[in-house]
K.L.:
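The structure is given below, and queries will be raised subsequently.
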Amino acid sequence: NYPKSIFLPDVLYLKLKLLDKNNESEEVVKLGKEWIKRFAFSEKLPEVLLIIGKNYSKMGFVSDASYYYNRIITDYPNTKYAYLAMIYLADQLYMMGDEKKAFKLYKKALYSTTDLDIASLAAARLAQRYMDKGQIKKAIEYYKKIFKANKEFLLKDKRKAYELANMLASHQIYDLAISLGESLLKKLKKLDDLYEPLLFNLAQWAYEDKKYDLALKFVQKYLKEFPYGDYSDAAVMLRDKILFNLPENNLTKKLDYIN
């Protein structure tokens, strides 16, 4: 209604972001192309180019997406959008079977950016790709680096963090699974659907890792908070196994539970 308004670029930009959030890719591309023609000198241009590229990729128009990613990399080097474009372009290349180029771009983004979240994203992609290839040790090293430098990145999506902790435990990487699980547990409320299984899993993982005092702490907490929970019978059995494995100098603790 106000084509000459000084606020029009921002209004249309916000509309574009909303369409993107709602996965309306065709509308995103249509509005995005109109936006970059009208506001070619805006500081938001590289971000809009990235949004267009991502949505072309979602629709399966790989060559169109690649054009926008490469344009950002070339025209806006050493910016967050260039490094994100590298990661998204690498995703496409990997899916198309060009692993060599994909890994090169992931690593370039990882070691060139100064943005911790972008570095974490690149490292997470590398970890995921190495897992796909069965190179578990390499994958775990990247996950460990992310957790050490920016664990909040792994905890942003609670369900994905839970799934990652379970995956790590399934590969017997119990130390990282427990550390990630403990951090996640602190962010959950007792009524959250992930809380109860995670608490029980932490007890199991600590037991499998032969950290019996820690396992006892978790299983105690579980039985106190969920005496009639989904895993209460299994928790009692686990507690008995933990107590059996406690060293003799913890005899008092053993007797307390037996009595």
K.L.:
With sequence neighbours excluded, what pairs up with Ala65 under the side chain to side chain contact (heavy atoms under 4.5 Å, CB included) test?
P.N.:
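Ala65 satisfies side chain to side chain contact (heavy atoms under 4.5 Å, CB included) with Tyr56, Ser57, Tyr69, Gln92 once adjacent residues are dropped.
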
K.L.:
Describe, in one word, how the ring planes of Phe226 and Tyr195 are oriented to each other, choosing from parallel (under 30°), tilted (30 to 60°) and perpendicular (over 60°).
P.N.:
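Rings of Phe226 and Tyr195: tilted, as their planes differ by 30° to 60°.
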
K.L.:
Just verifying a value: how many Å separate Leu243 CG and Leu238 CG, rounded to the nearest 0.5 Å?
P.N.:
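Output value for this atom pair is 9.5 Å.
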
K.L.:
Let me confirm one number: the CD-CG distance from Glu182 to Leu199, rounded to the nearest 0.5 Å.
P.N.:
10.5 Å

K.L.:
Evaluate whether atom CE of Met59 has more than 12 neighbouring non-hydrogen atoms of other residues, nucleotides or ligands under 6.0 angstrom away.
P.N.:
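Buried by this count: over 12 neighbours within 6.0 Å.
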
K.L.:
For Val62, which fellow cluster members are found when Ile, Leu, Val, Met, Phe, Trp and Tyr are connected by side-chain heavy-atom distances below 4.5 angstrom, either directly or through intermediates?
P.N.:
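Joined to Val62, directly or through intermediates: Met96.
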
K.L.:
Taking only residues two or more places apart in sequence, or in another chain, which ones meet Lys108 in a salt bridge (charged side-chain N to carboxylate O under 4.0 Å, His left out)?
P.N.:
none

K.L.:
Taking only residues two or more places apart in sequence, or in another chain, which ones meet Lys30 in a salt bridge (charged side-chain N to carboxylate O under 4.0 Å, His left out)?
P.N.:
none

K.L.:
For the NZ atom on Lys190, are there more than 12 heavy atoms of other groups (residues, nucleotides or ligands in this structure) within a distance under 6.0 Å?
P.N.:
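Yes.
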
K.L.:
Is Ile136 close to Tyr130 at the side-chain level, that is, under 4.5 Å between some pair of heavy atoms?
P.N.:
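The answer is no; the side chains never approach within 4.5 Å.
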
K.L.:
Among pairs that include at least one residue of residues 68-97, which meet salt bridge (charged side-chain N to carboxylate O under 4.0 Å, His left out), considering only residues two or more places apart or in two chains?
P.N.:
Arg71-Asp75, Asp91-Arg125, Asp91-Arg129

K.L.:
Lys104: which residues meet the salt bridge (charged side-chain N to carboxylate O under 4.0 Å, His left out) condition with it, sequence neighbours left out?
P.N.:
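Salt bridge (charged side-chain N to carboxylate O under 4.0 Å, His left out) check on Lys104 returns nothing, list empty.
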
K.L.:
Roughly how far, to the nearest 0.5 Å, is CD1 of Ile242 from NZ of Lys211?
P.N.:
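Answer for the NZ-CD1 pair, Lys211 versus Ile242, is 13.5 Å.
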
K.L.:
For the CG atom of Leu185 and the CD1 atom of Ile178, what is their distance to the nearest 0.5 Å?
P.N.:
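So the gap between those two atoms works out to 12.5 Å.
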
K.L.:
Measure from NZ or CZ of Lys145 to the centre of the six-membered ring of Tyr142, then state whether that distance is under 6.0 Å and the direction lies within 45° of the axis.
P.N.:
yes

K.L.:
Would you say the side chains of Tyr222 and Glu196 form a donor-acceptor pair under 3.5 Å?
P.N.:
yes

K.L.:
Kindly write out the residues that satisfy ring-ring contact (aromatic ring centres under 6.0 Å, His included) with Phe39, not counting sequence neighbours, or none if the list is empty.
P.N.:
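Residues passing ring-ring contact (aromatic ring centres under 6.0 Å, His included) with Phe39: Trp35.
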
K.L.:
For residues 13-26, which residue pairs pass the side chain to side chain donor-acceptor pair (under 3.5 Å) check, not counting sequence neighbours?
P.N.:
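Found Tyr13-Glu47, Lys17-Glu47, Asp20-Asn55, Asn23-Lys58, Ser25-Asn55.
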
K.L.:
For Tyr174, what residues pass the ring-ring contact (aromatic ring centres under 6.0 Å, His included) criterion, not counting sequence neighbours?
P.N.:
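With sequence neighbours excluded, Tyr174 shows a ring-ring contact (aromatic ring centres under 6.0 Å, His included) to no residue whatsoever.
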
K.L.:
Using the salt bridge (charged side-chain N to carboxylate O under 4.0 Å, His left out) rule, collect all pairs that involve residues 154-172, keeping only residues at least two apart or in two chains.
P.N.:
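For residues 154-172: Arg159-Asp193.
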
K.L.:
Please name all residues satisfying ring-ring contact (aromatic ring centres under 6.0 Å, His included) with Tyr162, sequence neighbours left out, ordered by chain then number.
P.N.:
none

K.L.:
Using the side chain to side chain donor-acceptor pair (under 3.5 Å) rule, take Tyr231 and Asn201 through it: C-alpha gap first, then chi angles, then the decisive distance, then the call.
P.N.:
CA-CA 10 Å; Tyr231 311 93; Asn201 286 345; over 6 Å; no

K.L.:
According to salt bridge (charged side-chain N to carboxylate O under 4.0 Å, His left out), who are the partners of Asp240, at least two apart in sequence or on a separate chain?
P.N.:
none

